[in-house]
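The block underneath contains the structure these notes are about, expressed in structure tokens.
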2 protein chains.
Amino acid sequence: MALNAGLLMFTAHRAMERRVLDAVAAAGFDITAAQARIFQRIGPAGTRLGELAEQAQVTKQTAGFLVDQLERAGYVERVPDPTDARARLVRIAERGRAAGEVAAAVVTEVEAEWAAHLGARRMAQLRDALGRLREITDPWAGE
Amino acid sequence: MALNAGLLMFTAHRAMERRVLDAVAAAGFDITAAQARIFQRIGPAGTRLGELAEQAQVTKQTAGFLVDQLERAGYVERVPDPTDARARLVRIAERGRAAGEVAAAVVTEVEAEWAAHLGARRMAQLRDALGRLREITDPWAGE
DNA sequence: GTTCATAGTCAGATTATCTGACTACATTCG
DNA sequence: CGAATGTAGTCAGATAATCTGACTATGAAC
């Protein structure tokens, strides 16, 4: 029970999230964990609200609430979806790009620490196993 | 970025949590994710509220709020801590034990599915890497 | 060109979480 | 011993994140 794989992943994920959020906050970006979980799923060309909601596994209303905040703070912008007048695309704005760069740098740093602790071989095995696991744990695995 | 190890762990953890919570709910136990995250840290001899809070990384107040609910629903009980009159131990009660058994069975099942998908070798490597990672991502690693 | 489906919003309620202030007991040390 | 300081937990109030249900506007299908 103490060695439940799900719980172990929770622990490591939480450590990563904390590191990233702390660094992003220290760089002057006031983003909450819930906002970040939406933000991180926005694609390069923008993503629809409903799609963000589905991927983050929250309702459209919740996603909308969080995107409103991100938009007000200047991290994202909403633009019309040229292919569907009902929809709008959520796109990363300039400030969001800056915050994203800070986040990406910390992810790289933390992963390097993990690799240093585990050794390159085990880190590669971890990545491999997690990537394969995604095939059965993520309904969005093929995007 | 799409292959951030932290995010991959989040995905797998979320899938595990959902499976467990759904099965527990289907068995008639009305436990929320937040309650479960506290509940799962209660030791066999009972655990203090402050310790549960620290391990779950929430404030004592939040932990107290959740334990209140678990207690009202009959999943846990609070007993005096014989070694300190200020403290009380949160212990798993009969209904909690029953719910915990359902949860443990689902964890076993999901892990078996993962092992089937990855193969025994890769599943063992995954466990090994996660266990080692815990040494640097969990301040409570030595309990 | 109605009828049904989809994208998103509005409104209201609930749940989980925090900070700050407080009480009671424990520990320390002069 | 007894005052000063620290620790376990609770109370009160605020805020953040989430949900369900009802609604509008646009697109798709027949």
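Each chain gets a letter, A, B and so on, in the order the sequences are listed, and its residues count up from 1.
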Could you pick out which residue, T47(B) or T83(A), lies toward the 5' side of DNA chain D when each is mapped onto its nearest nucleotide?
T47(B)
For T32(A) and dA17(D), is the shortest distance between a side-chain N/O and OP1 or OP2 below 4.0 Å?
yes
Base, sugar-phosphate alone, or nothing: which one does G50(A) contact when heavy atoms must sit under 4.0 Å apart?
sugar-phosphate
Which nucleotide, dA16(C), dC18(C), dA7(C), lies nearest any side-chain atom of L66(B)?
dA16(C)
Do the side chains of E54(B) and R48(B) get close enough for a salt bridge, i.e. N-O under 4.0 angstrom?
no
Per atom distances to the R86(A) side chain, the nearest of dA5(C), dG8(C), dT19(C) is dA5(C)
Of dC19(D), dA16(C), dA17(D), the nucleotide closest to the side chain of F65(B) is dA16(C)
Nearest-Å distance, CG (L49(A)) to C1' (dA25(D))?
15 Å
Value in whole Å for how far the C1' atom of dC25(C) lies from CG of D81(B)
12 Å
Rounded to the nearest 0.5 Å, what separation is found between the CG atom of L126(B) and the CZ atom of R132(A)?
12.0 Å
Rounding to a whole Å, what distance do you find between L21(A):CG and dC18(C):C1'?
16 Å
Under 4.0 Å between any heavy atoms, over every strand shown, what does D84(B) touch: base, sugar-phosphate, or nothing? Just pick one.
sugar-phosphate
So, are R41(B) and E51(B) salt-bridged, with charged N and O less than 4.0 Å apart?
no
Under 4.0 Å between a side-chain N or O of T62(A) and OP1 or OP2 of dA17(D)?
no
Under-3.5 Å donor-acceptor pair between Q61(B) side chain and dG13(D) base:
no
Let me know the distance between CD of Q57(B) and C1' of dA16(C), rounded to the nearest Å.
16 Å
Checking dA7(C), dC19(D), dA8(D) against the side chain of K60(B) (C-beta onward), the nearest is dA8(D)
Rounded to whole angstrom units, what separation is found between the CD atom of Q69(B) and the C1' atom of dT17(C)?
12 Å
Starting at atom CZ of R48(B), determine the distance to atom C1' of dA26(C), rounded to an integer number of angstrom.
11 Å
Give E54(A) one of three labels, base, sugar-phosphate or nothing, depending on what nucleic acid heavy atoms sit under 4.0 Å from its own.
nothing
Between the main-chain N or O of R14(B) and the side-chain N or O of R18(B), is there a donor-acceptor pair closer than 3.5 Å?
no
What nucleotide, of dA16(C), dA26(C), dG9(D), holds the atom closest to the side chain of A34(B)?
dA16(C)
Name the closest nucleotide to the R88(A) side chain, picking from dT19(C), dA17(D), dG8(C).
dG8(C)
When rounded to whole Å, the CG to P distance for the pair D68(B) and dA8(D) reads 18 Å
Nearest-Å distance, CZ (R37(A)) to P (dA16(D))?
15 Å
Does R78(B) put a side-chain nitrogen or oxygen below 4.0 Å from OP1 or OP2 of dT10(D)?
yes
Regarding E77(B) and R88(B), does a basic nitrogen lie under 4.0 Å from an acidic carboxylate oxygen?
no
Any ion pair linking R95(B) and D30(B) (charged N to carboxylate O, less than 4.0 Å)?
yes
Counting just side-chain N and O atoms, does T59(B) come under 4.0 Å of either OP1 or OP2 of dT17(C)?
no
